[in-house]
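What follows is one structure encoded as structure tokens, with my remarks underneath.
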Amino acid sequence: MSDIAGGARADDPWNTIDGLWKWLEADQPVGGREGLLLRMLKLSEEVGEVAEAVIGATGQNPRKGVTHTWDDVEAELCDVVITAMVALRTLTPQAREVFARHLARVAERSPTPGT
């Protein structure tokens, strides 16, 4: 696992998130508070795509049948995670630290197997 400028790791997903955020910020058609809110709403769209993929993977729509695979569901879940990370980065340049603190709090209050 290599290091890049500033001691950040090349395999750290937050480096990719920062790059995606910069790209989106440079080419956003709507800015300001409205742009921020639209970035948050993108999460709902992505979650809807997860639902569509699950319905398609299970064939729950009798009119369409099986239209997706569980690999599609995995990909859509990854899109949700990426979108949430970009949304958090949009809210704060300290997204990495905010997430790490929150994850630590969640882990602390959650039961750990084997303890």
Side-chain angles (χ1 to χ4, degrees):
M1 296 186 197
S2 61
D3 287 340
I4 59 174
R9 297 173 65 105
D11 62 341
D12 182 345
W14 286 105
N15 295 328
T16 303
I17 295 302
D18 284 340
L20 290 169
W21 173 79
K22 288 175 187 171
W23 170 66
L24 289 168
E25 287 294 304
D27 193 30
Q28 70 179 21
V30 178
R33 187 167 182 87
E34 187 178 358
L36 172 70
L37 295 174
L38 290 168
R39 183 84 40 90
M40 302 304 133
L41 286 176
K42 179 71 174 159
L43 275 167
S44 293
E45 177 189 2
E46 295 298 340
V47 169
E49 290 176 12
V50 170
E52 180 181 6
V54 169
I55 289 167
T58 58
Q60 290 303 300
N61 183 336
R63 187 174 50 83
K64 294 182 180 179
V66 175
T67 58
H68 291 74
T69 67
W70 288 105
D71 287 342
D72 295 326
V73 175
E74 289 174 2
E76 295 299 345
L77 285 169
C78 288
D79 286 348
V80 169
V81 172
I82 293 165
T83 302
M85 291 173 80
V86 170
L88 182 58
R89 174 59 184 88
T90 300
L91 284 175
T92 177
Q94 288 81 36
R96 177 187 320 247
E97 294 81 9
V98 169
F99 182 77
R101 281 193 309 268
H102 188 76
L103 182 59
R105 284 193 301 268
V106 169
E108 186 176 296
R109 69 176 185 242
S110 301
T112 306
T115 59

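Counting from 1, the numbers follow the sequence of the chain as shown. Treat the numbers as computed from the prediction; the structure is a model and nothing was measured. All values below were derived from every heavy atom in this structure, side-chain atoms included, with hydrogens, water molecules and symmetry-related copies excluded.
With a 4.5 Å cut-off between side-chain heavy atoms of Ile, Leu, Val, Met, Phe, Trp and Tyr, the cluster of Ile55 takes in none. Cluster note: Trp14 groups with Ile17, Leu20, Trp23, Leu24, Val81, Ile82, Met85, Val86, Leu88, Val98, Phe99, Leu103 through ILVMFWY side-chain heavy atoms spaced under 4.5 Å, whether in direct contact or through intervening members.
Smallest separation of non-hydrogen atoms from Arg96 and Asn15: NH2-OD1, 3.5 Å. Considering every non-hydrogen atom in both Asp79 and Glu46, the closest pair reads CB-OE1, 3.4 Å.
A search for salt bridge (Lys or Arg N to Asp or Glu O under 4.0 Å) contacts involving Glu76 returns nothing, not counting sequence neighbours. In this view, Glu74 satisfies the side chain to side chain donor-acceptor pair (under 3.5 Å) rule with no residue, not counting sequence neighbours. Here Asp72 pairs with nothing under the salt bridge (Lys or Arg N to Asp or Glu O under 4.0 Å) rule; sequence neighbours left out. With sequence neighbours excluded, no residue satisfies side chain to side chain donor-acceptor pair (under 3.5 Å) with Thr58.
Taking 4.0 Å as the cut-off between side-chain N and carboxylate O, Lys42 and Glu45 count as a salt-bridged pair.
How far CG of Leu77 is from CD of Glu49: 11.5 Å, rounded to the nearest 0.5 Å. In this structure, the separation between OG1 on Thr90 and CG on Leu38 is 11.5 Å, given to the nearest 0.5 Å. In this structure, the separation between CG on Asp11 and OG1 on Thr16 is 9.5 Å, given to the nearest 0.5 Å. The structure places CD of Glu52 at 6.0 Å from NZ of Lys64, a figure rounded to the nearest 0.5 Å.
In this structure the side chain of Arg89 never reaches within 4.5 angstrom of the side chain of Arg39, judged on heavy atoms.
Under the 4.5 Å side-chain heavy-atom criterion for Ile, Leu, Val, Met, Phe, Trp and Tyr, Val50 and Trp70 are members of the same hydrophobic cluster.
For Arg33, the CZ atom is loosely surrounded, since the number of other residues' heavy atoms within 6.0 Å does not exceed 12.
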